[in-house]
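For reference, the structure is listed below as structure tokens.
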Amino acid sequence: MSESEQREHRAHGLPELIAERRAKAQRLREAGGELAPYSYPGVEPIASVRGAYERLEVGEETDDVHRVAGRLAARRGAGKAAFLDLVDRTGKIQLHARADVLGADTLKQLLSLDLGDLLGVDGAPLRSRHGELTLRVERFEILGKALRPPPDKHAGLIDVETRHRRRELDLIANEDARKLFVDRARIVSAVRAYLDGEGFLEVETPVLQPLYGGALARPFTTHHNALNRRLYLRIATELYLKRLIVGGLERVYELGKDFRNEGLSTKHNPEFTMVEWYEAYADYTDEAARLEAMVGGVAGAVAYKGEIDFSAPWRRVRFVEAVQEGAGIDLRAHRDAPSLAAAIAERGLQMPIEGLTWPALADDLLSKYVEPTLLQPTFVLDYPIELSPFARAHRSEQGLAERWEAFAGGMEIANAFSELTDPDEQRERFEAQRGLAAAGDEETQPHDELFLEALEHGMPPTGGVGVGIDRLVMLLTKQSSIREVVLFPAMRD
RNA sequence: GCGCCGUUAGCUCAUCGGGUAGAGCUCCGGACUUUUAAUCCGGCGGGGCGGGUUCGAGUCCCGCACGGCGCACCA
């Protein structure tokens, strides 16, 4: 390159780096090179190749040829021989490129590639002097040119905002990120495998719903143009799935996204993944055993090794006892709002009490003073019935519902009931919700006549469970923020 | 929504009290046939946005945007 040409390539801010890579791509094309083939058949995962040659001894070489492909991550040396690192989803492998194998011109072309370029290689495994499993490059193909520089090859991509907004860069640069989302996929897959194995049928119910329901939350609204009608994005799958139980499908589950119009936090993303399952002829006690079995199996599937012991049986504590333990208040001795509020004030607990109902106060006590302390898996049983419009009344305890929530790592991970199957009682529960709505509660459950009519056809005794998949992934991968386990978390624009 | 902290080159980091902003990686040219954050020589790039104070602002003040954490809201 002449001095004047070199001057044109002076600056190396981003625009110059891109221009440099474009120019290089152009030179390769002009030399007759293919930079973007339509396919590259016969690729083996790097981890498989590594696994097959674990026993190769230092200095030993083979003439076997294996085809791998991935992104160029590092390059060392030049002249007549060099080492390159190639990365795919399963791992990294070193390449040895030699002039006496490839020829001087071909070696030069290989070494002219930029970090981040996509490369396919046919290579023969060997163990280098330093003990590194390496492929001696016999042939290579450029599979895609990177016009932008990748994140730092050593430090990786650290900036949290960039990692979340540009997840592809996080995945390119950080092996931990790749591993995490592989684990997430394994967890989802293990959940399905468990339910499929127990005779559950996977179903799909509407995401766009004329009426939302099944949870206490504010929905997102949208509009259908052709029907000129308002629709809601679902906040839960509960009501449709129970209609399928009425229909006789007996064991059903749905795993998918729910949407709740709430703030963001380390534990909340506005769209999140939930699995709900419903099982005829079972109650909430049966479902607790099922959750233990399911989570235990899933933890095994990702080889979880951490502080939490997921093996059954998990601790079980009744709601009133949990509040007694965590907040030091006996709910049975304070059965109305003024009395409970007085007890909270007397103990000097810092929480809002103005205008709250008894069940709301009780729930707040649990969330603030009990939930964060539940590190080992724990079922909290028998909730106040007012908090649970779809749960069946407790068979022996006045004012309570047969409901549990499961906690671990200081978070709620699951919620379950003996389902309310009585249409007349369900109708009264909807009426009660209507009363709360009239009083200004924005998170009430709207009246759903179709659901009531379904119950009027007769519903078998049923146990139902909902598990937050994102939170389960957080626990099993030891992440403290939901944004770390969601590929593209909600961010401000 | 509130509070605290942060935002410097494509990436990772420096820059004491206000005085011409440094490095590594990347990239370009050269040397090198067992390196692995390769090494050596030479070269290129920058203060989130908008105001204010000041002779002079990356640095002090105000506002905005975005992010992190905590709180609130909320499963």
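Quick note on labels: first sequence line is chain A, next is B, and so on, each numbered from 1.
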Categorize [X] for me: base, sugar-phosphate, or nothing, with a 4.0 angstrom heavy-atom threshold over every strand shown.
X        : value
A/Lys368 : sugar-phosphate
A/Gly468 : nothing
A/Thr162 : nothing
A/Arg165 : sugar-phosphate
A/Ala217 : sugar-phosphate

With distance as the sole criterion, do the side chain of [X] and the base of [N] form a donor-acceptor contact below 3.5 Å?
X        : N     : answer
A/Arg76  : B/U35 : yes
A/Glu132 : B/U35 : no
A/His268 : B/C74 : yes

Under 4.0 Å between a side-chain nitrogen and a carboxylate oxygen: does that hold for [X] and [Y]?
X        : Y        : value
A/Asp105 : A/Lys108 : no
A/Glu238 : A/Lys242 : yes
A/Lys153 : A/Asp85  : no
A/Asp470 : A/Lys257 : no
A/Glu132 : A/Lys92  : no
A/Arg392 : A/Asp283 : no

How far does the [atom1] atom of [N] sit from the matching atom of [M], given to the nearest Å?
N     : M     : atom1 : answer
B/U12 : B/G45 : C1'   : 15 Å
B/G50 : B/C55 : P     : 23 Å
B/G17 : B/C61 : P     : 12 Å
B/C32 : B/C16 : C1'   : 43 Å
B/U26 : B/U7  : P     : 26 Å
B/C5  : B/C27 : P     : 39 Å
B/G24 : B/U20 : C1'   : 23 Å
B/G46 : B/G22 : C1'   : 11 Å

Considering just the side-chain nitrogens and oxygens of [X], establish if one lies under 4.0 Å of OP1 or OP2 belonging to [N].
X        : N     : value
A/His130 : B/U35 : yes
A/Lys153 : B/A38 : yes
A/Arg75  : B/U26 : no
A/Arg483 : B/C69 : yes

[X] [atom1] to [N] [atom2], straight-line distance once rounded to whole Å:
X        : N     : atom1 : atom2 : value
A/Lys80  : B/U33 : NZ    : P     : 5 Å
A/Asn269 : B/C74 : CG    : P     : 18 Å
A/Leu84  : B/A38 : CG    : P     : 11 Å
A/Leu126 : B/U35 : CG    : P     : 13 Å
A/Leu111 : B/G30 : CG    : P     : 12 Å
A/Glu16  : B/G43 : CD    : C1'   : 14 Å
A/Leu133 : B/U35 : CG    : P     : 17 Å
A/Asp152 : B/G24 : CG    : C1'   : 8 Å

Identify the nucleotide, in any strand shown, that forms a Watson-Crick or G-U wobble pair with [N], with both distances under 3.5 Å; if there is none, say none.
N     : value
B/A31 : B/U39
B/G46 : none
B/A23 : B/U12
B/G67 : B/C5

Among [options], the one nearest [X] by side-chain distance:
X        : options             : value
A/Arg492 : B/U34, B/C69, B/G67 : B/G67
A/Ala155 : B/A37, B/U34, B/U12 : B/U12
A/Ala74  : B/C69, B/C11, B/A38 : B/A38
A/Glu161 : B/U34, B/C11, B/C66 : B/C66
A/Arg218 : B/U34, B/C11, B/C74 : B/C74
A/Lys24  : B/U33, B/C27, B/G68 : B/C27
A/Phe83  : B/C27, B/U35, B/U33 : B/U35

**Report entry** Trace of the side chain to side chain contact (heavy atoms under 4.5 Å, CB included) decision for A/Arg184 with A/Val486
**Finding:** CA-CA 9 Å; A/Arg184 179 176 174 128; A/Val486 171; 4.2 Å; yes
Report task. Check RNA chain B against residues 369-390 of chain A and give the residues with a non-hydrogen atom under 4.0 Å, in numerical order. Result -> A/Glu371
Query raised in the report: Using the benzene-type ring in the case of Trp, are the ring centres of A/Phe488 and A/His164 under 6.0 Å apart?
Result: no
Requested in this report: Assert yes or no for the condition that the ring centre distance of A/Tyr383 to A/Phe319 is strictly below 6.0 Å.
Outcome: yes
**Report entry** 5' precedence on RNA chain B between A/Leu264 and A/Met491 (nearest-nucleotide basis)
**Finding:** A/Met491
Report task. Find which nucleotide of RNA chain B each of A/Asp159 and A/Asp114 is nearest to by heavy atoms, and output the residue with the more 5' nucleotide. Result -> A/Asp159
Query raised in the report: Is any side-chain heavy atom of A/Val467 closer than 4.5 Å to a side-chain heavy atom of A/Met274?
Result: no
Report task. Give a yes or no on this: more than 12 heavy atoms of other residues, nucleotides or ligands lie within 6.0 Å of atom CD of A/Glu204. Result -> no
